[in-house]
Each structure stands twice: as C-alpha cells, then as structure tokens.
Asker: 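I have a structure here, written as structure tokens, and I will follow up with some questions on it.
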Amino acid sequence: ITPGFRLPARWVIHAVGPVWRGGGPGEAELLRSAYRSSLRLAKEHGVRSIAFPAISCGAYGYPVEEASRIAVGEVLRFLREEDGGLERVLLVCRGERVCRALRQALAEAGLPPPQ
C-alpha cells in the first residue's frame, strides 16, 4: 500500500495476481489471495471505499468468467466474515466481456445487477 499522492484516492493497494498457465495447482488460490490481501490491507488502514480492476484478466490471461467469480466470492466472504468497515466495494470492468462476466458472477451470487 502506498499513498495516492495526486490521484483521487488516499491509498493505492498494489495487487498482483497470477499469470494463467492453464489452471494448474494454486492459480485460483493465488488470485483469491490477491483479493484477500488487498481487503485486509484496506481494513488495516481504515479504508471505507475500494475499487478493484479485474485482477489478472488482462495481459496475465486469466479466464474472465472464473476470475469474476473469484473476485465476487472473495469480496462477499470478506464483507460477511470480517468487520472491515468497508462501505463501498467497486469491481471495475474495462470492456464489455469483463462487464458481462462480472454481472453474471454477481447474479450467481444472488446480488442485483449494478446500476
């Protein structure tokens, strides 16, 4: 975690997910860990609002649908199990494919579609 300096954010949490290599052992857990670690850092620093890109879905090639389910699942787990003080979590998508996958993952989790 570093200061946001001139960004419109107080903090920047640097998270690196795994490079997709076919779904071998540990890839999903590494991606889950990137979200969990970021959420824990946010909690430790009193963050109330956090935004996540689709971690590992760009150049790292992680399948967007699976990565979206992991992102939604980890955020929900954190919000349900830990009193982190988070008031707002944004899952940010770039491109229609990622947006569709995130909407589907939210629907599968029983959440309403984003506005």
Side-chain angles (χ1 to χ4, degrees):
I1 189 166
T2 62
F5 297 107
R6 290 185 284 187
L7 293 171
R10 186 169 179 197
W11 302 104
V12 175
I13 297 174
H14 305 271
V16 178
V19 173
W20 179 254
R21 299 196 191 289
E27 288 180 9
E29 183 52 36
L30 287 171
L31 185 55
R32 284 185 192 94
S33 178
Y35 284 98
R36 268 195 310 270
S37 297
S38 297
L39 289 161
R40 285 185 186 135
L41 272 174
K43 178 180 177 178
E44 290 171 14
H45 287 81
V47 171
R48 295 172 136 188
S49 177
I50 189 168
F52 285 105
I55 298 174
S56 285
C57 290
Y60 286 8
Y62 211 100
V64 174
E65 294 77 14
E66 181 180 342
S68 295
R69 285 190 295 275
I70 288 171
V72 168
E74 284 303 310
V75 168
L76 288 176
R77 185 207 58 75
F78 182 84
L79 293 174
R80 288 177 181 147
E81 295 177 8
E82 302 202 26
D83 180 18
L86 282 172
E87 296 172 5
R88 187 168 127 173
V89 177
L90 300 173
L91 297 173
V92 181
C93 56
R94 182 174 174 156
E96 188 54 37
R97 182 172 176 226
V98 174
C99 288
R100 271 194 315 269
L102 281 171
R103 284 186 198 107
Q104 180 63 36
L106 289 167
E108 289 172 6
L111 297 171
Q115 299 176 353

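Numbering of residues begins at 1 and proceeds along the displayed sequence. Here the structure is a predicted model, which is why all the values come from computation and not from measurement.
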Asker: Could you tell me if the side chain of Leu86 sits less than 4.5 Å from the side chain of Leu39, heavy atoms only?
Answerer: yes
Asker: Quick check for you: to the nearest 0.5 Å, what is the distance between Arg69 atom CZ and Glu66 atom CD?
Answerer: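 Rounded to the nearest 0.5 Å, the CZ-CD separation comes out at 6.5 Å.
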Asker: Which value, rounded to the nearest 0.5 Å, describes the distance between Phe78 atom CZ and Ile50 atom CD1?
Answerer: 8.5 Å
Asker: How close do Ile55 and Tyr35 get, counting heavy atoms only, and between which atoms?
Answerer: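 Taking Ile55 first and Tyr35 second, the nearest heavy atoms are N-OH, 3.4 Å.
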Asker: Does any part of the side chain of Arg40, heavy atoms only, come nearer than 4.5 Å to the side chain of Arg36, both counted from C-beta?
Answerer: yes
Asker: If you look at every heavy atom in Ser56 and Pro18, which pair is closest and at what distance?
Answerer: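 For Ser56 and Pro18, the tightest heavy-atom pair comes out as OG-O, 2.8 Å.
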Asker: Is any side-chain heavy atom of Phe52 less than 4.5 Å from a side-chain heavy atom of Glu74?
Answerer: no
Asker: If you measure from CZ on Arg94 to SG on Cys57, what distance do you get to the nearest 0.5 Å?
Answerer: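 Arg94 CZ to Cys57 SG: 13.5 Å, rounded to 0.5 Å.
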Asker: CG/Leu106 to OG/Ser68 distance, rounded to the nearest 0.5 angstrom?
Answerer: 8.5 Å
Asker: Taking the side chain as every heavy atom from C-beta outward, state whether Ile70 and Tyr62 have any pair of such atoms under 4.5 Å apart.
Answerer: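 Touching, per the 4.5 Å side-chain cut-off.
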Asker: How about CZ on Arg77, more than 12 heavy atoms from neighbouring residues, nucleotides or ligands closer than 6.0 Å, or not?
Answerer: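 Counting other residues, nucleotides and ligands, CZ of Arg77 exceeds 12 neighbours.
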Asker: Between Glu27 and Arg21, is there a donor-acceptor pair closer than 3.5 Å when you use the side chain of the first and the backbone of the second?
Answerer: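 Pair found, side chain donor or acceptor close to backbone of Arg21.
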Asker: Between atom CG of Leu30 and atom OG of Ser37, what is the distance when rounded to the nearest 0.5 Å?
Answerer: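 Rounded to the nearest 0.5 Å, the CG-OG separation comes out at 10.0 Å.
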Asker: Are Val64 and Leu111 connected in the hydrophobic side-chain network, where two residues link if heavy atoms are under 4.5 Å apart?
Answerer: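 As far as the 4.5 Å side-chain criterion goes, Leu111 and Val64 are connected within one cluster.
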Asker: Report yes or no: does Ser33 contribute a side-chain atom to a donor-acceptor pair with the main-chain N or O of Glu29 at less than 3.5 Å?
Answerer: no
Asker: Side-chain contact test, heavy atoms from C-beta onward, threshold under 4.5 Å: evaluate it for Val16 versus Tyr60 and give yes or no.
Answerer: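 In short, these two side chains touch, coming nearer than 4.5 Å.
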